[in-house]
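Structure in structure tokens, see below.
Numbering of residues begins at 1 and proceeds along the displayed sequence.
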Amino acid sequence: DTTQQDDKITVIQGPAMIFTSQFDPAETYDVNDVVYAGAAADTLSGYFTLKATSGIIVGSVFQVPTAADPYLGVRYTVL
């Protein structure tokens, strides 16, 4: 879901630690996995994914989602 809430979006302009629910739930994530920006061709626009067909590496996983904490932790490194 890439809809705007209250006409606002998040803008990140440098390296950051991100906790997000915007990831491909069909994938199993491990710490240090490389994550990509989801592509429209993969029907994953707006999501982090492990699928290399997306092409743009945006960071790596530092926290995997669990039932107790469903957020994916991403070390975002794109500048």
Partners meeting side chain to side chain donor-acceptor pair (under 3.5 Å) with Ser60 (sequence neighbours left out):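 Per chain and number, Ser60 pairs via side chain to side chain donor-acceptor pair (under 3.5 Å) with Arg75.
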Nearest-0.5 Å distance that lies between atom OG1 in Thr49 and atom CD1 in Ile56: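 Here the interatomic distance stands at 13.0 Å.
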All ring pair (Phe, Tyr, Trp, His ring centres under 6.0 Å) counterparts of Phe62, not counting sequence neighbours: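 Here the qualifying residues are Phe19.
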Note, Tyr71 side chain near Pro65 side chain (heavy atom, < 4.5 Å):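 Heavy-atom side-chain distance check fails, nothing below 4.5 Å.
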Side-chain (Asp69) to main-chain (Thr66) donor-acceptor, under 3.5 angstrom: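 No: the side chain of Asp69 does not pair with the backbone of Thr66.
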Heavy-atom check, side chain of Ile18 versus side chain of Tyr76, under 4.5 Å: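 SC-SC contact between Ile18 and Tyr76 confirmed.
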Minimum side-chain heavy-atom gap Phe48-Asp24 below 4.5 Å: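 Counting from C-beta outward, Phe48 and Asp24 never come under 4.5 Å.
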Over all atoms of both residues, closest heavy-atom pair of Tyr29 and Val64: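 Closest heavy-atom pair between Tyr29 and Val64: O-CG1, 3.1 Å.
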Reported CG-to-CD distance for the pair Leu72 and Glu27, which is rounded to 0.5 angstrom: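 Taking CG in Leu72 and CD in Glu27, the distance rounds to 11.0 Å.
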Interatomic distance, Ile57 atom CD1 to Tyr36 atom OH [nearest 0.5 angstrom]: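 These two atoms lie 4.5 Å from each other.
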Candidate pair Leu50 and Val35, rule side chain to side chain contact (heavy atoms under 4.5 Å, CB included), full reasoning: CA-CA 5 Å; Leu50 298 176; Val35 289; 4.0 Å; yes
Student check: side-chain heavy atoms of Asn32 and Val61 closer than 4.5 Å: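 In short, these two side chains do not touch, never coming nearer than 4.5 Å.
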